[in-house]
Amino acid sequence: MMRSHRAGDLRADDVGESVVLCGWVASRRDHGGKVFLDVRDVAGVVQAVVDPQLPGLEVAHRLRHEWVVRVVGDVSARPDGTVNDDLPTGAVEVIAREIEVLSEAEPSPFPLDDRVDVDEVLRLRHRYLDLRRAPMQRNLRLRAAVNRVMREAMTEQDFVEIETPMLVASTPEGARDFVVPSRLRPGEFYALPQSPQLFKQLLMVGGFDRYFQIARCLRDEDLRADRQFEFMQLDVEMSFADQEDVLDAISVAVLAAAEVSRPGAGLASIPRITWHEAMERYGSDKPDVRFDMELVELTDIFGDTDFRAFAGADAVKGLRVAGQADMTRARLDALTERAKALGALGLVWMRVRDGGELESPVAKFVSESEQLALIDALGAVAGDLLLIVAGKRAMVRDVLGTIRLDLGRPPVSEGGLRFVWVVDFPLFEETLGEDGRPAPMHHPFTMPHPDDVERLESDPLSVRAQAYDLVLNGWELGSGSVRIHRPDVQQRVFSLIGFDPTEAQQRFGFLLDAFRFGAPPHAGFAVGIDRFVAILAGEENIREVIAFPKTQSGVDPLTGAPTPIDPTQLRDLGLRLSPPKE
RNA sequence: GGUCCUGUGGUGCAGUUUGGAGUGCACGCCGCCCUGUCAAGGCGGAGGCCGCGGGUUCAAAUCCCGUCAGGACCGCCA
């Protein structure tokens, strides 16, 4: 028998048991005449007590951190006064009878003690050691649990799990593709899927009316704290379903996962906000509603102001920063610079003094009635700092939305879990594309809102989409839409964005063809699992919930990927490298 | 492509502002001692291309330029 028990599982009930443990030496406290070993395995740590004077146990002096050992012994209650309340196993210890060294270990390149923050490249280069540490064990087990309950939730709702190909056709839309050269057809390439989008719609035509997949997606775009080249999505599509059906089905899955991570937190439903309201109140399409500090509309107050910075502005909005009237001039200047960097002409700040007096370099330009209206609108009290931006509405929202986050956003591990559905996204981007045509905000198969279809041609930028995002604590967790299944509507959207029929046929012909053979109305969604698990784990960075992530420059410090390949591989693929750029 | 931050024994830091001997702290590592510790303790020891290259200077971890690596962000991510 290799082992009989897990070290971390031993409790007072096990006293008297003869046990065989296998694990790593987490710590050795050598008193000369007695040696204490902390033996760590997947379940935790237990103390083994060794008398090195006994035959066969002299090895205890020689053991080092992270050696792998097999310990045969008897579970014993710890003597009075030596119980360790900090350890789950702290009531017991294992009196060793035999110790076998299964593997020796060189000194670790970094402490495996999770109290020490270690340089991330070093951790990634030796990820197999980093994975032994408690946070990574916890995070990856949480991730497994999230995958499990979401899979269960979808299966219980009659969704069918279906895999789609990894080697797919490149489509020029969207993100940059990773490509794979074809050996059998030199000069031609597969792409790795950015998402299973087109396949899941084909599955709907194929009669699987509820599909899901925990799918790997790949996009060759620059990496960020919340973005890796490859990431996982809970990908979902359903037929004969509208937006409500999708939101319900996804809610069940993500709330089940939230419950696993925060048992008893009692999240029952996910509130909704329209895209327009989110932009006006939070200056973001992914509002972090863990804190208030909402954007307040001030345009009407300054409708006929003499203050030139506000006069005639498309929009004037402000923030009330509670209790921050004493913010230093240097910080205010830094905020102003930040606002300018984001596109504002300037940032007006006002300190609210006792008696409601406003202190600001520009106070003298703002009339008394305007000042009173301002204080009233913002709900300002003495000690507050007011920040105001004027200009184009989209810019004002964007600038104040960013400053709101800069000043108020709590760490990811604080403030609970605040999901929000953002609904009624516009069908097209706010401004026309370079070609003077509308650009789809989501993708060109998104169904317009039924009340707005008639304005498609006359006023396309005002048309809402049946598109929706799921937001958690200010992170975009996922997005989805009702898809266009009617060729006539699809044709109108294509011609609006400048796809002529031939081009559309070339790019997405197989999908359009499929839709000619009886396409059910369908809608779908995809949840970003890496981001979701990161938030649940209280991590600011998705690398902390990925076993083997890449650095910001796309390198894996463990394997060295990417690497050059052998010239014969290139030849087989019909590829020749151009000379390196100077 | 851009902005900002960080590179100092194996690890985490201080030292850089104001140039003056690789100086310091904690952990780890090696040796010895030690029978109730649990981040054991005591004594001793080893270990450095101050990321790399160039420049300024009598003198550079420290100032300047470049470069590499990492991180955060902008662009990008339908």
Side-chain angles (χ1 to χ4, degrees), chain A residues 26-40 45-54 60-62 64-66 76 78-87 89-90 93 95 105-126 129 171-177 194-195 197-198 217-229 231 334 337-338 341-343 398 402 405-406 425 427-429 433 438-446 465 467 476 479 481 493 497 499 507-508 526 528 540-541 543 550-555 557:
Chain A
S27 176
R28 180 187 58 118
R29 295 175 291 279
D30 189 341
H31 290 230
K34 184 166 282 187
V35 179
F36 298 96
L37 297 176
D38 287 346
V39 178
R40 184 192 71 236
V45 164
V46 75
Q47 172 164 281
V49 183
V50 189
D51 181 349
Q53 290 148 72
L54 295 177
H61 290 309
R62 216 164 56 80
R64 291 295 182 269
H65 280 139
E66 299 306 316
S76 166
R78 291 201 187 191
D80 285 347
T82 65
V83 169
N84 185 345
D85 291 326
D86 296 332
L87 283 181
T89 61
E93 58 194 7
I95 311 300
E106 292 177 20
S108 171
F110 57 90
L112 298 193
D113 183 334
D114 48 88
R115 281 171 299 232
V116 181
D117 267 334
V118 179
D119 178 69
E120 197 179 351
V121 187
L122 196 60
R123 289 173 56 204
L124 293 181
R125 188 172 299 136
H126 304 278
L129 295 177
T171 55
E173 295 302 300
R176 194 176 295 113
D177 282 325
Q194 297 180 23
S195 79
Q197 180 64 37
L198 300 173
C217 306
L218 298 106
R219 296 177 189 174
D220 188 4
E221 298 291 350
D222 287 0
L223 290 68
R224 286 281 197 284
D226 61 352
R227 277 161 37 190
Q228 286 268 308
F229 286 150
F231 57 98
E337 284 312 306
R338 175 87 164 141
L342 293 164
D398 189 42
T402 303
L405 292 177
D406 287 351
F425 269 73
L427 188 61
F428 299 109
E429 297 284 351
M441 198 166 207
H442 190 54
H443 59 55
F445 314 110
T446 306
E476 182 191 323
S479 65
S481 62
V493 171
I497 64 177
F499 266 26
R507 292 185 178 186
F508 306 113
E540 305 275 357
N541 192 308
R543 293 188 297 272
K550 292 183 177 53
T551 66
Q552 200 166 66
S553 58
V555 168

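Letters go in sequence order (proteins before strands), and every chain restarts at 1.
- Spacing between B/rC63 and B/rU17 at atom C1', rounded to whole Å, works out to 11 Å.
- The nucleotide B/rG12 finds its pairing partner in B/rC25, both defining distances of the Watson-Crick or G-U wobble pair being shorter than 3.5 Å.
- Side-chain nitrogen and oxygen atoms of A/S553 include none within less than 4.0 Å of the OP1 or OP2 phosphate oxygen of B/rA69.
- Separation of the C1' atoms belonging to B/rA59 and B/rU3 is 35 Å when rounded to the nearest angstrom.
- Closest to the side chain of A/R78, out of B/rG36, B/rG12, B/rC38, is B/rC38.
- Contact annotation: A/H65 side-chain N/O to B/rC29 OP1/OP2 distance is under 4.0 Å.
- B/rG55 and B/rU62: their P atoms are spaced 14 Å apart (whole Å).
- Checking side-chain atoms of A/R78 against main-chain N and O of A/G90 turns up a donor-acceptor pair under 3.5 Å.
- Comparing B/rG41 with B/rA26, their P atoms sit 12 Å apart, to the nearest whole Å.
- Between A/R64 and the phosphate of B/rC30, there is a side-chain N or O to OP1/OP2 separation shorter than 4.0 Å.
- Distances were taken from every side-chain heavy atom of A/N541 (C-beta onward) to each of B/rG71, B/rG12, B/rC38; the shortest belongs to B/rG71.
- Here A/E93 lies in heavy-atom contact (under 4.0 Å) with a base.
- Taking OG1 from A/T89 and CG from A/N84, the interatomic distance works out to 7.5 Å, rounded to the nearest 0.5 Å.
- Going from atom CD of A/E476 over to atom CG of A/D226 covers 9.0 Å, rounded to the nearest 0.5 Å.
- Here the separation of B/rG19 from B/rG1, taken at their C1' atoms, is 36 Å to the nearest Å.
- Going from atom CG of A/L37 over to atom P of B/rA39 covers 15 Å, rounded to whole Å.
- Judged by distance alone with a 3.5 Å cut-off, no donor-acceptor contact links the side chain of A/E221 to the base of B/rG75.
- Close to B/rU37, at under 4.0 Å from its OP1 or OP2, lies no side-chain N or O of A/R29.
- Regarding A/Q552, its CD atom lies at a distance of 7 Å from the P atom of B/rC73, rounded to whole Å.
- Atom CG of A/L129 sits about 7.5 Å away from atom CD of A/E66, to the nearest 0.5 Å.
- Within the shown strands, nothing qualifies as a pairing partner of B/rG47 under the Watson-Crick or G-U definition with both distances less than 3.5 Å.
- The distance between atom CG of A/L129 and atom C1' of B/rG28, rounded to the nearest whole Å, is 14 Å.
- In this structure, CZ of A/R62 is placed 16 Å from C1' of B/rG31, rounded to the nearest angstrom.
- In a base pair of the Watson-Crick type (N1 to N3 plus N6-O4 or O6-N4) or a G-U wobble (N1-O2 and O6-N3), with each distance short of 3.5 Å, B/rA60 is matched with no nucleotide.
- Ring-base stacking between A/H31 and B/rG41 is not satisfied when judged by a centre separation under 5.5 Å and a plane angle under 30°.
- Mapping A/V121 and A/R224 onto RNA chain B by nearest heavy atom places A/V121 at the nucleotide closer to the 5' end.
- Minimum atom distance to the side chain of A/L122 is reached by B/rU11, of the listed B/rU11, B/rC29, B/rC77.
- Atom CZ of A/R543 sits about 8.0 Å away from atom OG1 of A/T551, to the nearest 0.5 Å.
- When rounded to the nearest whole Å, the span between CG of A/L342 and C1' of B/rU3 equals 12 Å.
- Searching all strands for a Watson-Crick or G-U wobble partner of B/rA72 with both distances below 3.5 Å returns B/rU3.
- Residue A/R227 has its side chain nearest to B/rG75 when only B/rG36, B/rG75, B/rA39 are considered.
- For A/R28 and B/rC38, the shortest distance from a side-chain N or O to OP1 or OP2 is not below 4.0 Å.
- If you take CG of A/D30 and P of B/rC34, they are 10 Å apart, rounded to a whole angstrom.
- For B/rU11 and B/rG51, the P atoms lie 13 Å apart once the distance is rounded to whole Å.
- At the phosphate of B/rG36, neither OP1 nor OP2 sits under 4.0 Å from any side-chain N or O atom of A/N84.
- The nucleotide whose nearest atom lies closest to any side-chain atom of A/A225 is, among B/rU11, B/rG1, B/rC73, B/rC73.
- Atom P of nucleotide B/rG12 and atom CZ of A/F110 are separated by 10 Å, given to the nearest angstrom.
- Classification of the A/F499-A/F508 ring pair by plane angle, with boundaries at 30° and 60°, yields parallel.
- Nucleotides B/rA61 and B/rG22 place their C1' atoms 9 Å apart, quoted to the nearest Å.
- The side chain of A/R543 places an N or O atom within less than 4.0 Å of a non-bridging phosphate oxygen (OP1 or OP2) of B/rA72.
- Residue A/D119 places its side chain closer to B/rG12 than to any other of B/rG12, B/rC38, B/rC77.
- Checking B/rG19 for Watson-Crick or G-U wobble geometry (two distances, each under 3.5 Å) identifies no partner in any strand.
- In this entry B/rG66 has B/rC52 as its Watson-Crick or G-U wobble partner, both defining distances falling under 3.5 Å.
- In this structure, A/R227 contributes its side chain and A/D222 its backbone to a donor-acceptor pair below 3.5 Å.
- The nearest whole Å value for the distance from the CG atom in A/D85 to the P atom in B/rC38 is 14 Å.
- Residue A/Q53 places none of its side-chain N or O atoms closer than 4.0 Å to OP1 or OP2 of B/rU35.
- Side-chain proximity of A/T82 to the nucleotides B/rG71, B/rU11, B/rC38 is greatest for B/rC38.
- Shown here, B/rG41 forms a base pair with B/rC33; the pair counts as Watson-Crick or G-U wobble because both key distances fall under 3.5 Å.
- The residue among A/S27 and A/K550 whose nearest nucleotide of RNA chain B is located toward the 5' end is A/S27.
- Taking atom P on both B/rG10 and B/rC5, the two are 27 Å apart, rounded to the nearest angstrom.
- A/E221 contributes a side-chain N or O that, together with a main-chain N or O of A/R176, makes up a donor-acceptor pair within less than 3.5 Å.
- Side-chain atoms of A/R219 come within 3.5 Å of backbone N or O of A/Q194 as a donor-acceptor pair.
- Checking the phosphate oxygens (OP1, OP2) of B/rG70, a side-chain nitrogen or oxygen of A/T551 falls inside 4.0 Å.
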